[in-house]
Novice: 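Got a structure for you, written out below as structure tokens; questions coming shortly.
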Amino acid sequence: MYLSNTSEVEISTFLLIGIPGLENVHIWISIPICLMYLTAILGNCTILFVIRTEPSLHEPMYYFLSMLALSDLGLSFSSLPTMLRIFLFNTMGISADACIAQEFFIHGFTDMESSVLLIMSFDRFVAIHNPLRYSSILTTSRVVQIGLAFAIKSILLVLPLPFTLKRLTYCNKRLLSHSCCLHQDVMKLACSDNKVNFYYGLFVALCMMSDSILIAVSYVFILRTVLGIASHEERLRALNTCVSHICAVLIFYVPIITLATMHRFAKHRSPLAMILIADAFLLVPPLMNPIVYCVKTRQIRVKVLEKLGLKSK
């Protein structure tokens with residue numbers, strides 16, 4: 001810390017928070033968090049390994065699934081070590097620069113995952129609407145180009161966030177509301193004008209919400225296409241290919257939309273509810289996505305079991 005004037009002290013270190021009221025059992029809470037963290041890493045690495053080593057899975061759908069797994073790994077590595085440090089060692093302090101860097105990576109990988117989910121909805125639409133031309137429309141080179149384009153978009157979208165936070169002055173208040181650094185949480189501690197941060201943060205949130213709207217539109221077209229299929233069995237088969245993606249969309253968007261809405265509009269929000277929703281947003285998608293895709297996608301399940309030396313039913 002250093003003096004900025006006679007009445008204010010500028011903050012160079014922030015304090016993260018665990019779960020208020022349960023500080024005495026943080027060590028026990030760290031056990032399921034650690035297990036979820038390890039399971040998420042193992043699950044997503046398994047997905048990447050199986051897709052990489054199995055030529056039969058070298059198709060657009062599985063390439064996009066690889067991108068989702070990479071986004072989940074990035075989200076896990078960006079946030080969960082800090083959470084474990086709080087719950088295991090009660091180490092709450094984080095430097096301003098480290099906090100701003102963490103905020104950049106969390107929001108960057110969050111937007112990347114949102115973009116991948118949007119791409120996957122387009123992939124499902126093409127596969128159902130025009131299955132005969134599916135491979136010619138989504139070639140390997142085109143999939144790589146789409147992935148790179150959306151990755152660059154995610155980086156450029158969140159790149160201004162750390163710079164807008166860096167220009168702010170933080171005085172007297174340094175206790176954050178979560179177990180990791182989030183943009184809207186950090187900017188509220190500033191004692192200087194944060195209007196630019198507020199409006200640009202809102203713009204980033206709206207861009208991510210636009211992904212969810214486009215996903216919904218994609219499913220309207222998918223549903224129209226499915227209803228046009230004459231065979232009831234073929235309809236069910238087509239819809240079944242979307243179940244994993246729908247689950248991934250709900251797992252990702254429900255907590256993030258709830259958290260963003262509470263941060264911006266709730267006047268009498270519960271701090272505990274905010275913390276639990278934020279932790280769920282960071283913990284659940286990386287954990288559940290590999291499980292959902294292994295359970296609901298037969299090709300992935302079969303190959304994983306083969307790698308483990310087991311036979312699938």
Side-chain angles (χ1 to χ4, degrees), residues 43-44 47-48 50-52 54-72 110-151 153-154 207-254 256-257 284-286 288-304:
N44 285 291
I47 292 286
L48 290 171
V50 169
I51 294 174
R52 174 67 178 83
E54 287 295 332
S56 62
L57 299 181
H58 292 176
E59 298 178 5
M61 172 184 174
Y62 303 109
Y63 290 143
F64 292 136
L65 180 56
S66 296
M67 296 178 196
L68 185 66
L70 287 172
S71 301
D72 282 332
T110 299
D111 184 77
M112 196 175 298
E113 182 149 346
S114 177
S115 298
V116 172
L117 290 172
L118 173 59
I119 299 169
M120 293 175 82
S121 69
F122 173 72
D123 168 77
R124 290 299 83 209
F125 170 70
V126 174
I128 293 172
H129 184 262
N130 207 336
L132 297 179
R133 295 188 57 208
Y134 176 68
S135 298
S136 62
I137 294 174
L138 290 174
T139 61
T140 300
S141 61
R142 193 164 293 168
V143 168
V144 172
Q145 291 170 359
I146 292 172
L148 286 175
F150 276 90
K153 185 271 291 185
S154 297
C207 287
M208 291 180 56
M209 292 307 102
S210 68
D211 288 345
S212 65
I213 294 171
L214 291 174
I215 290 172
V217 171
S218 296
Y219 271 98
V220 170
F221 285 107
I222 288 172
L223 190 59
R224 283 185 58 187
T225 303
V226 169
L227 292 176
I229 299 174
S231 169
H232 179 69
E233 184 179 339
E234 289 296 325
R235 290 183 191 177
L236 292 178
R237 186 178 293 117
L239 288 174
N240 191 53
T241 64
C242 300
V243 171
S244 300
H245 180 254
I246 292 172
C247 291
V249 169
L250 293 175
I251 289 168
F252 178 77
Y253 278 108
V254 169
I256 197 172
I257 290 175
V284 175
M288 291 304 300
N289 285 338
I291 295 174
V292 167
Y293 274 92
C294 283
V295 171
K296 296 301 298 180
T297 306
R298 183 180 178 277
Q299 292 88 335
I300 294 289
R301 182 174 68 252
V302 168
K303 296 304 179 182
V304 169

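The model shown is predicted, which means the values in this text are computed figures rather than measured ones.
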Novice: Does any N or O in the side chain of Asn44 come within less than 3.5 Å of the main-chain N or O of Pro286, such that one atom is a donor and the other an acceptor?
Specialist: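 Between the backbone of Pro286 and the side chain of Asn44 there is a qualifying donor-acceptor contact (under 3.5 Å).
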Novice: Evaluate side-chain contact (heavy atoms from CB on, under 4.5 Å) for Lys303 paired with Ser56, printing each intermediate quantity in order.
Specialist: CA-CA 10 Å; Lys303 296 304 179 182; Ser56 62; 3.4 Å; yes
Novice: Side-chain contact, heavy-atom cut-off 4.5 Å: Leu117 with Asp211?
Specialist: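 Contact flag for Leu117/Asp211 side chains = no.
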Novice: Less than 4.5 Å apart, any side-chain heavy atom of Cys294 and any of Ile47?
Specialist: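 Of all side-chain heavy-atom pairs linking Ile47 with Cys294, at least one is under 4.5 Å.
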Novice: Would the distance check show the side chain of His245 and the main-chain N or O of Arg124 forming a donor-acceptor pair, the cut-off being under 3.5 Å?
Specialist: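 No.
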Novice: I'd like to know if the side chain of Asn289 reaches the main chain of Pro285, judged simply by a donor and an acceptor atom lying under 3.5 Å from each other, with no hydrogens or angles considered.
Specialist: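 Side chain of Asn289 to backbone of Pro285, a donor-acceptor pair under 3.5 Å: yes, one is there.
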Novice: Side chain of Arg142, backbone of Ile137: donor and acceptor closer than 3.5 Å?
Specialist: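 Pair found, side chain donor or acceptor close to backbone of Ile137.
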Novice: Where is the tightest heavy-atom contact between Ser244 and Thr297, given as atom of each residue plus distance?
Specialist: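 Closest heavy-atom pair between Ser244 and Thr297: OG-OG1, 3.4 Å.
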Novice: Taking His58 for the side chain and Ile51 for the main chain, is one N or O donor matched with an acceptor at less than 3.5 Å?
Specialist: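 Looks like yes, one N/O pair under 3.5 Å.
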Novice: For Val226 and Arg235, which heavy atoms make the closest approach, and how far apart are they?
Specialist: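 Shortest heavy-atom separation between Val226 and Arg235 comes out as O-CG, 3.4 Å.
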Novice: Is there a side-chain contact between Phe252 and Glu113 in this structure, where contact means two heavy atoms from C-beta onward sitting under 4.5 Å apart?
Specialist: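 A side-chain contact exists here, since the closest heavy-atom pair is under 4.5 Å.
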Novice: When you compare the side chain of Arg301 with that of Val295, does any pair of heavy atoms fall below 4.5 Å?
Specialist: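 Not in contact.
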Novice: About how many Å separate CE of Met120 and CG of Asp123, when rounded to the nearest 0.5 Å?
Specialist: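 Rounded to the nearest 0.5 Å, the CG-CE separation comes to 7.0 Å.
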Novice: Counting only N and O atoms by type, is there a donor-acceptor contact under 3.5 Å from the side chain of Ser136 to the main-chain atoms of Arg133?
Specialist: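 Yes; at least one donor-acceptor contact below 3.5 Å.
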Novice: For the residue pair Phe122 and Phe125, categorise the inter-ring angle as parallel (less than 30°), tilted (30 to 60°) or perpendicular (more than 60°).
Specialist: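 If you compare the ring of Phe122 with that of Phe125, the planes turn out tilted.
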Novice: How long is the straight-line distance from CG of Leu214 back to OG of Ser115, given to the nearest 0.5 Å?
Specialist: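 So the OG of Ser115 and the CG of Leu214 are separated by 10.5 Å.
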Novice: State the CG-CD1 distance between Leu250 and Ile246, to the nearest 0.5 angstrom.
Specialist: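 If I round to the nearest 0.5 Å, the distance is 7.5 Å.
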Novice: Taking atom CG of Leu48 and atom CG of Leu70, what is their separation to the nearest 0.5 Å?
Specialist: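 The CG atom of Leu70 is 5.0 Å from CG of Leu48, to the nearest 0.5 Å.
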Novice: Kindly give the heavy-atom pair with the smallest separation between Val143 and Met67, and that separation in Å.
Specialist: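 Closest approach of Val143 to Met67, heavy atoms only: O-CE, 3.6 Å.
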Novice: Taking Ser66 for its side chain and Tyr62 for its backbone only, find out whether a donor-acceptor pair lies under 3.5 Å.
Specialist: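 Looks like yes, one N/O pair under 3.5 Å.
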Novice: Could you measure the distance from the NE2 atom of His129 to the CD1 atom of Ile222? Nearest 0.5 Å is fine.
Specialist: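 If I round to the nearest 0.5 Å, the distance is 11.0 Å.
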Novice: Once you round to the nearest 0.5 Å, how far does CG of Leu223 lie from OG of Ser218?
Specialist: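 Rounded to the nearest 0.5 Å, the CG-OG separation comes to 12.5 Å.
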Novice: Between Ser114 and Tyr253, is there a side-chain donor-acceptor contact under 3.5 Å, judged purely by atom types and distance?
Specialist: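 A donor-acceptor contact under 3.5 Å links the two side chains.
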Novice: With the side chain counted from C-beta on, respond yes when Asp111 and Phe150 share a heavy-atom pair under 4.5 Å apart, and no when they do not.
Specialist: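 Contact flag for Asp111/Phe150 side chains = no.
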Novice: Does a side-chain heavy-atom distance below 4.5 Å link Ile128 with Cys242?
Specialist: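 Answer yes - side chains close enough.
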